[in-house]
Amino acid sequence: MTTRQYDIVVWGSTGFTGRLTCAYLSNTYPDLKWAIAGRNKSTLAELKRTLDLKESVGVLVADLSDKAALRDMASQTKVVLSTAGPYAKIGTPVVEACVAGGAHYCDLTGEAPWVREVADKFADEAREKKLKIVNCCGFDCIPCDLGVQLVAEELQRQGCVNVKEVRFLADKIKGGASGGTMASVFNIFETLPFSELRKLLNPFYLNPRNPTSGEIDLPHTNASLTRQSSDNLVMGYDSVTKSWTVPYLMQAIDTRLVNRSNALTDYRYGRTFVFSERMIVPNALAALVVSVAMSFFQVLVAIPFTRALVKKIVPAPGQGPDLETRENGFFTARLWGSAVHPATGKEVLVQATVQAYHGDPGYKQTAKMISETAVCLAQDQASLPPLYGILTPSTAMGKVLRERLHARGIEFKIVK
């Protein structure tokens, strides 16, 4: 990549998460060469004053309808960090500009259909230009994607070749609801036809396409394994962690992204690898109540009339929790993975944790995650895996990003 004026340009900087991201970059990396970008110059200037950003922080103006301006923005930086969603509505022109302008890219999307669209449109050109276009770099899906990679690496370090299964269990989460995330969920139901929604049920929906047939590359044709990899819909009991569990809302994107990570690395975890997610609850009664409530909420969101009512009670895009909620939030998650050792024939079990305190996972920690992702892409290229195209956090950066986050308080640990 040729010498560029900026390391990072933050697109969507005036939004709620964008402002938190800018504040994090300013406070954590005082010597970073970066800029804020958006369509309104006066709003950007006001943001710069409000956050007391250094004079050296650039201000770039571009409109989504102006391809030339977007490309010019991308051509000035090593990385474009985008916090502006819903991405299915306004994200594609920014990715297109990055590919055309030769910039790496990262975002916070949790919208599987849009990731599918971006991969289909830009994967080949991004790969040819050796660009890393990295989706899902926030609370969805960095904890699970990098956590699964950690568990798989430990199993393989112990001599196992193929990973049999990894499960991610969200344990304790404290934080505010995300207006942007809810807007993305609403947009999926409002814009996708039923036929496309049905395709989303496939846990391998985001796998790369077969270059010959154009169909999604499936790791296997085993119906039983596919069912085990599919979204969990009922309460249950996890025998490894000895916990009651319920379906985890983020499995709709997490599962598909983890399976994409496996496919992009030529099935490094194995072709029969099974990934699933759950959320831990205190007891069986809680599991029953939460499961019923979650099912009811999903029905409300799926029906147009009731979805309009739900919109009135959840945060709107651009809104977020107050400072106290953001500062006092936290999350913890547990993972376990199993594999059969080829020499002994015995099952090997590995457990791990992912946790971060002193920050709401959907906002403060998410701002940290995407900021560190962008800095990693800008400053650590020589140490990153030689994979390019439309990637995931683990395939684009892997251990390098995991160590960056760990050093900043988002801890990934094998449990001995």
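Values below: every heavy atom of this structure, side chains too, minus hydrogens, waters and symmetry copies. For clarity, every value in this text was computed on a predicted model and none was experimentally measured.
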With side chain to side chain contact (heavy atoms under 4.5 Å, CB included) as the criterion, how do N207 and N259 come out once you've worked through the C-alpha distance, each side chain's angles and the decisive distance to 0.1 Å?
CA-CA 7 Å; N207 278 26; N259 285 326; 3.8 Å; yes
Suppose we screen for side chain to side chain donor-acceptor pair (under 3.5 Å). Which residues come up paired with [X], at least two apart in sequence or across chains?
X	value
Q298	none
T221	none
T212	none
K364	E327

List for me each residue that meets salt bridge (charged side-chain N to carboxylate O under 4.0 Å, His left out) alongside [X], sequence neighbours excluded, and say none if there are none.
X	value
D7	K78
E128	none
D217	none

Applying ring pair (Phe, Tyr, Trp, His ring centres under 6.0 Å) as the test, list every pair that has at least one member in [range]; sequence neighbours left out.
range	result
residues 41-89	Y87-W114
residues 191-216	F204-H220
residues 327-354	F139-F331, F330-Y357
residues 391-416	none

Taking the side chain as C-beta and beyond, is there a heavy-atom pair between [X] and [Y] under 4.5 Å?
X	Y	answer
D66	L64	no
Q365	M369	yes
W34	S56	no
Y105	C137	no

Taking all non-hydrogen atoms of both residues into account, name the closest pair between [X] and [Y] and its distance.
X	Y	answer
C160	V348	SG-CG2, 3.7 Å
G85	I90	O-CD1, 3.6 Å
R334	I280	CD-CD1, 4.0 Å
S13	L47	O-CD2, 3.3 Å
T366	P361	OG1-O, 2.7 Å
G398	L146	O-CD2, 4.0 Å

Between E153 and R157, is there a salt bridge with N-O shorter than 4.0 Å?
no
Donor-acceptor pair, distance only, cut-off 3.5 Å: does the side chain of [X] make one with the backbone of [Y]?
X	Y	result
H104	V79	no
S230	P203	no
K130	Y388	no
T226	N222	yes
R260	L206	yes

Kindly indicate, with the supporting measurements, whether the criterion side chain to side chain contact (heavy atoms under 4.5 Å, CB included) is fulfilled by M294 and L249.
CA-CA 8 Å; M294 291 175 67; L249 285 174; 3.7 Å; yes
Do other residues, nucleotides or ligands put more than 12 heavy atoms under 6.0 Å from the [atom1] atom of [X]?
X	atom1	result
E190	CD	yes
K33	NZ	yes
R268	CZ	no
K311	NZ	yes
R408	CZ	yes
K164	NZ	no

Kindly indicate, with the supporting measurements, whether the criterion salt bridge (Lys or Arg N to Asp or Glu O under 4.0 Å) is fulfilled by K368 and E372.
CA-CA 6 Å; K368 181 187 297 183; E372 293 296 337; over 6 Å; no
Any chance the side chains of [X] and [Y] put a donor and an acceptor closer than 3.5 Å?
X	Y	answer
Q156	Y269	no
E111	T109	yes
T92	E96	no
D145	Q149	no
R167	S276	yes

Salt bridge (Lys or Arg N to Asp or Glu O under 4.0 Å) assessment of D231 paired with R256
CA-CA 10 Å; D231 292 340; R256 287 137 190 84; 3.0 Å; yes
So, using side-chain contact (heavy atoms from CB on, under 4.5 Å) as the criterion, who are the partners of V59 when residues are at least two apart?
I36, L44, K48
Just do the ring-ring contact (aromatic ring centres under 6.0 Å, His included) check on Y363 and F16 with the steps written out, would you?
CA-CA 9 Å; Y363 288 96; F16 195 91; 5.2 Å; yes
Do you know which of D140, D107, T392 makes side-chain hydrogen bond (donor to acceptor under 3.5 Å, both in side chains) with N135?
D107
Row check, Y29 ring normal vs R404 NZ/CZ: under 6.0 Å, within 45°:
no
Given the rule in the side chain to side chain contact (heavy atoms under 4.5 Å, CB included) test, do E196 and L200 qualify, once you have shown the distances and angles that lead to the verdict?
CA-CA 7 Å; E196 194 65 26; L200 274 172; 5.8 Å; no
The test is side chain to side chain donor-acceptor pair (under 3.5 Å); show your working for T325 and D322 and say whether it passes.
CA-CA 6 Å; T325 301; D322 59 25; 2.8 Å; yes
Side chain to side chain donor-acceptor pair (under 3.5 Å) between S261 and S394: does it pass, once the steps are laid out?
CA-CA 7 Å; S261 294; S394 67; 3.1 Å; yes
Checking side chain to side chain contact (heavy atoms under 4.5 Å, CB included) against R278, which of N232, T241, D238 comes through?
N232
Verify side chain to side chain contact (heavy atoms under 4.5 Å, CB included) between V258 and C141, making sure each step is shown before the conclusion.
CA-CA 8 Å; V258 168; C141 305; over 6 Å; no
